[in-house]
Amino acid sequence: MPKFFVEPSQIYDEEVLIFGDDAHHITSSLRMKIGDPITVCNMNKRDYDCIISSVSGGIIHAEIISSSICEAEPDYSITVYQCLPKGDKMEYVIQKAVELGASSIVPVLSSRCIAKPSGYDKNGKDKKSDRYSRIAYEAAEQSGRGIVPVVHDCISFERAIELAKSDAISFICYEDEKQNGIRKFIASKKNEGMKNNSISFFIGPEGGFSPEEISHAKENGIESVGLGNRILRTETASGFVLSVLSYETEL
């Protein structure tokens with residue numbers, strides 16, 4: 001069943017109002033009509049099963065049949081700190097991270113990044129912010145999420161470490177880490193309790209992290225974790241980590 005996000009102000013006691021791009025998509029692309037079922041989400045983990053009751057002036061009225069807590073959300077909040085990859089790979093990272101359960105994605109500028117931030121417009125807004133947010137929104141709809149994950153503006157590696165060290169569980173993925181593999185790491189954290197915790201992890205750029213960056217992370221209480229015997233591409237690694245977390249905690 002198609003799923004769409006709406007603001008809480010669009011939800012009433014017995015109906016939901018849908019307008020804008022989503023209304024156009026429902027009527028023009030999906031060719032849905034009165035009587036067809038849809039699911040809407042209030043962006044705060046609550047789903048509403050609805051039936052389209054009327055379409056007028058570009059506004060869809062949908063009757064609420066039932067509501068429930070969205071089951072697609074993990075029991076923890078997870079932030080992906082992704083060092084800037086080349087080209088348009090960040091778009092792929094955002095899309096797949098949202099599909100796989102991330103709560104937020106933070107682009108990071110580390111010492112070995114070849115790519116540079118896109119810059120800001122005259123209003124001080126990241127030039128790629130709208131596009132990244134749209135990718136996250138569409139991925140959240142497609143995968144049935146209960147929230148729309150946030151894509152933040154790019155920050156420095158040092159600032160990212162400052163933010164991540166306050167999370168309950170934080171780690172940095174490092175190809176030279178041979179003793180603390182991700183399975184061992186997650187097992188130890190499961191014993192401590194992962195439910196309802198904030199989790200964050202770092203993925204390096206094409207050139208990986210420098211030894212100095214790994215040392216800086218460790219000095220701030222962020223463990224280095226290995227991802228196995230194969231070296232993953234930067235655009236693959238976050239999806240791998242999120243999949244492992246899902247397997248170990250949800251499935």
Side-chain angles (χ1 to χ4, degrees), residues 73-85 89-90 93-94 96-115 149-251:
E73 291 304 310
D75 287 334
Y76 46 79
S77 172
I78 186 160
T79 298
V80 178
Y81 288 96
Q82 171 69 53
C83 293
L84 288 178
K89 293 176 183 177
M90 181 60 81
V93 170
I94 292 168
K96 301 310 173 188
V98 170
E99 290 179 18
L100 292 166
S103 303
S104 61
I105 300 98
V106 184
V108 176
L109 184 62
S110 61
S111 63
R112 293 180 177 176
C113 285
I114 298 172
V150 178
V151 183
H152 297 269
D153 288 346
C154 184
I155 60 176
S156 68
F157 178 79
E158 290 74 19
R159 177 57 179 157
I161 292 294
E162 283 297 311
L163 293 173
K165 71 180 185 181
S166 64
D167 288 325
I169 299 171
S170 296
F171 60 99
I172 185 167
C173 301
Y174 187 42
E175 65 270 22
D176 287 340
E177 177 59 63
K178 305 301 181 184
Q179 301 302 315
N180 192 26
I182 189 166
R183 185 177 183 183
K184 176 182 177 181
F185 175 80
I186 292 176
S188 68
K189 299 305 176 184
K190 283 173 68 176
N191 291 335
E192 298 171 10
M194 294 179 67
K195 189 172 183 179
N196 298 323
N197 273 331
S198 56
I199 302 173
S200 59
F201 66 88
F202 287 76
I203 299 295
E206 284 82 0
F209 290 112
S210 69
E212 292 77 16
E213 287 168 334
I214 297 298
S215 295
H216 181 61
K218 290 181 176 180
E219 289 167 2
N220 283 274
I222 298 173
E223 295 185 52
S224 65
V225 173
L227 301 184
N229 296 325
R230 293 173 292 279
I231 296 177
L232 304 177
R233 290 181 179 272
T234 184
E235 67 269 28
T236 305
S238 61
F240 174 82
V241 173
L242 289 164
S243 297
V244 172
L245 284 168
S246 177
Y247 176 80
E248 290 290 342
T249 61
E250 293 184 273
L251 301 182

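Owing to the predicted nature of the structure, the values given are computational and were not obtained by experimental measurement. Reckoned from all heavy atoms, side chains included, excluding hydrogens, waters and symmetry mates.
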The single option from Lys165, Lys189, Lys184, Lys218 passing salt bridge (charged side-chain N to carboxylate O under 4.0 Å, His left out) against Glu223: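 Running salt bridge (charged side-chain N to carboxylate O under 4.0 Å, His left out) over Lys165, Lys189, Lys184, Lys218 with Glu223 returns exactly one hit, Lys189.
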Over 12 non-hydrogen atoms of neighbours within 6.0 angstrom of CG in Asn229: no
Within the 6.0 Å centroid threshold, strictly below: Phe202 and Phe171: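 No - the distance between ring centres of Phe202 and Phe171 does not fall below the 6.0 Å cut-off.
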Aromatic ring proximity Phe157/Phe209, centre distance under 6.0 Å: yes
Has the side chain of [X] got a donor or acceptor atom that lies under 3.5 Å from a matching backbone atom of [Y]?
X      : Y      : value
Ser198 : Ala168 : yes
Thr236 : Leu232 : no
Ser170 : Phe201 : no
Lys190 : Thr249 : no
Asn197 : Ser77  : no
Ser103 : Ile78  : yes
Ser243 : Gly239 : yes
Glu213 : Ser210 : yes

To check you understand the geometry: which heavy-atom pair defines the closest contact between [X] and [Y], and what is its length?
X      : Y      : answer
Ile105 : Ala97  : CG1-CB, 4.1 Å
Ala217 : Ile161 : CB-CD1, 3.9 Å
Pro74  : Gly101 : CG-O, 3.7 Å

Polar contact flag, side-chain donor to acceptor under 3.5 angstrom, [X]-[Y]:
X      : Y      : result
Ser111 : Glu212 : no
Tyr81  : Ser200 : no
Ser104 : Thr79  : yes

Check: Val241 and Cys173 side chains under 4.5 Å, non-hydrogen atoms: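 Yes, close enough: below the 4.5 Å cut-off.
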Worked verdict on Arg159 versus Glu162 for salt bridge (Lys or Arg N to Asp or Glu O under 4.0 Å): CA-CA 5 Å; Arg159 177 57 179 157; Glu162 283 297 311; 5.6 Å; no
Side-chain ion pair, Glu206 and Lys89, N-O less than 4.0 Å: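 Counted as a salt bridge, because a side-chain N and a carboxylate O are separated by less than 4.0 Å.
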